[in-house]
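Worth saying up front: this structure is predicted, and the values here are computed from it rather than measured. Heavy-atom basis, side chains included; hydrogens, waters and symmetry copies ignored.
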Amino acid sequence: MPARKSSGTAPHREGPWAEVFAPRAKGEKRYWLVKSEPETFSFDDLMAAPGKTTEWNGVRNSAARNFLRDGMKKGDQVFFYHSMTNPSAVMGICEVVREGYPDSSAFDRRSEYYDDKSDPAAPTWFMVDLKAVKKLKSPVSLHAIKQNPALAEMALVRISRLSVTPVRSQEWDEIIAMSAGG
DNA sequence: GCCAACGTTGGC
DNA sequence: GCCAACGTTGGC
């Protein structure tokens, strides 16, 4: 592929994650995983939220931001993962109900997510709205995921620091199967 | 534009 | 509490 003027095409659309930003077949659904520390916001908190829905704000990593802003589409299915806890695990399923829009917490001086470098006229950070679909029958722990060779390539495993990651459809199906008790 | 220093995330 | 993996920052 010859080098090409970059105008009009953001780098992340051509990088290692290009496929998750690629145009979709009609009606194609894609899959994702988001992390949350349960002491901050747990899956049960989402189930109890008004409309079982929340703004997924506070993400301050540019790769994760790209997934939120440009990757996720309405109707996409999302694993809700508990991090920084024992055991860290996929707890439930939620759904994208609103596509990427500017993260207002970045402009709120009182917010712990305030970022004085984000300009409201050209926002740096984005969020989506997520709605709980259901809790998994049994959580699928990171340990179990790492034990499963079919999941060795999961972004969750490969890039442990990323708080929003793509999930391949076969990985999604594998974890759903594991959550039913094998 | 390079790269070392530093800060953050998150598993263990 | 430690450490690996990254992202960001700042000196040059």
(request) Identify whether the distance between the nearest side-chain nitrogen and carboxylate oxygen of Arg109(A) and Asp115(A) falls below 4.0 Å. (result)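 Salt bridge between Arg109(A) and Asp115(A), a charged N being under 4.0 Å from a carboxylate O: no.
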
(message) Looking at Arg65(A) and Asp103(A), is any side-chain nitrogen of the basic one under 4.0 Å from a carboxylate oxygen of the acidic one?
(response) no

(request) First locate atom OG of Ser118(A), then atom CZ of Phe126(A), and finally report the distance between them rounded to the nearest 0.5 Å. (result) 8.0 Å

(message) If the condition is salt bridge (Lys or Arg N to Asp or Glu O under 4.0 Å), which residues does Arg158(A) pass it with, not counting sequence neighbours?
(response) Glu153(A)

(request) Extract, from 5' to 3' on DNA chain B, the first and final nucleotides lying under 4.0 angstrom from some heavy atom of chain A. (result) dT8(B) to dC12(B)

(message) Listing request: all ring pair (Phe, Tyr, Trp, His ring centres under 6.0 Å) pairs with a residue in residues 14-38 of chain A, at least two apart in sequence or in separate chains.
(response) His12(A)-Phe21(A), Trp17(A)-Phe67(A), Phe21(A)-Phe67(A), Tyr31(A)-Trp172(A), Trp32(A)-Phe67(A)

